[in-house]
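Residue numbers run from 1 in the order of the sequence given.
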Amino acid sequence: MSFDVLSFSDKIGGFPDKLSVCNNVSESFNGAAIDGFYRDDSLQQQLQYPLGLLNDYGGGFKRLHTEKRVEEADDSGVDERLSTEDVMRVAGELFIQSSYQGVDGLSVLDCDFNLSFSGLSDEERRDVELALLLLAAAEKVGYREYERASRLLKQCELMSSKTGNQVQRVVYYFSEALREKIERETGRVSSKPVLNFDESMMRPNPTMLACHGELPFPQIIQFAGIQAIVENVAKAKRIHIIDLSIKSGVQWTVLMQALVSRHECPIELLKVTAVATDGKWLIESTGKRLLSFARSLGLPFAFKIVMVSDMLDLKEDLFELDAKETVAVYAVMIFRSMLVMPNRLENIMRVIRHINPCLMVVSEVEANHNSPIFVNRFIETLFFCSAYFDCLATCMKWNHENRDIIESMYFGEGIRNTVATEGEERKSRNVKFDVWRAFFVRYGMEEAELSMSSLYQAYLVLKSFACGSFCTLDMNGKCLLVGWKGTPMHSISSRSHLYVISCLPMSGKQSRELSIISAKLFKPKSMPKTSKPSHPDETMVNLSPALVTCSLKLPFIHVTRFAGLRAIFENVASSKRVHFIDMAIRSGAYCIGMSSESSFSK
């Protein structure tokens, strides 16, 4: 569902917006496809599919020669031409054409593409040719034809530059990554150190401040997420925020200002607990800054740190929880780092489930960079980074120094790790929100609606940026997708209270037994014609033999009842007076279970 009110850019230059690519690819966290496609290790089959993937990206460019692509400057004075991602799309379509024609290697540039280059400027034509060479090199690496790939990469390296235009920069970093992959595969190099992104982002350095101030995405995520928290703690006097990736902590200064301006329900205490496995002194510095800011506002504030050597060691009793406080969890760009360690991720979710927060705000990169097939992963990463480099060029065009650092240190390192490494060494992984949605359901996390206020906060942030007209806001169910020229870049969603769900399969015999019992319950044979039929709930209020049989003989009824009772009991364990509201009491037999459970605990 598209959130049309918040859509800032129409189809630029006639190019179709892309919400998602290759919808039939649905991967689990370890990279294995649900539909079984990736389970066949045949190299030929693995490399046939990327042609279809490229076709999804390249589609819509067959009419390039008939459309005007150079738009007039917009309000921000940005001259809109063929974007970096669009160049890659054109190159993808031409690569498919060359594959069908049997063209190979450097000769791909000599292929007759008819009108495909028509209407392109000389610079754009050179950019498309460069991208075409990169795709050809990636294909050869996928086939393990390393000598031929090296020749293509040598040409890419001559034509690209980390200080050139956007296309040249993208090709430069991807060429470096492909070169390293070849060296790894041929045994020339074993491994290289990986940059600790989380630690570097915790330092309030000029580059990160520039990134936060000049790129719209960080502030959209921040303000929409904080707005969701503010609304869910509106009546709470004691608020406890658990931040799973606090970084610089600037987001909590926004929350502090919102709470200070709240007069109808004065705040008694705001507590922020940071969870981490390393960088304790950096987190302590963040806490001191937040404490100083809170004092300047006159806001009661406490900062806590839960430091564990391994996320497997994270437990509920490590948190200083108070029954009087309202708890919310903030998880921004943290879960993706644990895709390579699913047991750690599952442990975190179990702890959160036990804490039972009123809300969990989740934001992740909206991309699929977790395919076990190298070429698929390369293509997905290439198009995503192309859109992001285009964003950096537009939003940070006057800040060359910080732009270069962001591209080399953060994106360059991420590209290298995604493309060149495999297995547990590949730390840089992303999956799309649909995968996260399925994952959270396993832990009873219900997707909550982002309010109009949260969406409006995102809208206001975009309006404040000169490049905001190129950003798009769309909805995937209840999740907000933040994009650049139609390409989703980040997702943000909220998760509400936990719920208990029973969904156990029945055998054929159990199903038949249930049908017989249902017939006895809902279709009494001796009912007089003139009498009013009994309602099913009225029938179930009476302890009839059929109902007792149903309750005693069918195991899933026991599981549903006792799982629900256990969840209730755990949440009222410290209460002396319990008020239980039943929306469909029927026989009330489960109350006996609650009474016996309480007596046993005493």
Do you see a donor-acceptor pair shorter than 3.5 Å between the side chains of [X] and [Y]?
| X | Y | answer |
| --- | --- | --- |
| Asn430 | Asn368 | no |
| Asp127 | Asn165 | yes |
| Glu425 | Asn417 | no |
| Thr418 | Ser428 | yes |
| Lys485 | Thr487 | no |
| Asn402 | Thr207 | yes |

For Phe389, the option from Phe411, Tyr172, Phe383 that meets ring-ring contact (aromatic ring centres under 6.0 Å, His included):
Phe411

Under 4.0 Å between a Lys/Arg side-chain N and an Asp/Glu carboxylate O for Glu380 and Lys432?
no

What do you reckon, are the aromatic ring centroids of Tyr388 and Trp484 less than 6.0 Å apart?
no

Does Phe378 have its ring centroid less than 6.0 Å away from the ring centroid of Phe174?
yes

Decide yes or no on salt bridge (Lys or Arg N to Asp or Glu O under 4.0 Å) for Glu123 and Arg126, but give the supporting numbers first.
CA-CA 5 Å; Glu123 181 182 2; Arg126 288 192 296 270; 5.6 Å; no

Evaluation steps, salt bridge (Lys or Arg N to Asp or Glu O under 4.0 Å), between Arg442 and Glu346:
CA-CA 10 Å; Arg442 290 168 49 191; Glu346 290 170 359; 3.5 Å; yes

Please walk me through it: do Arg403 and Glu214 pass salt bridge (Lys or Arg N to Asp or Glu O under 4.0 Å)?
CA-CA 10 Å; Arg403 174 193 170 189; Glu214 298 181 36; over 6 Å; no

Is any side-chain heavy atom of Val365 less than 4.5 Å from a side-chain heavy atom of Met333?
yes

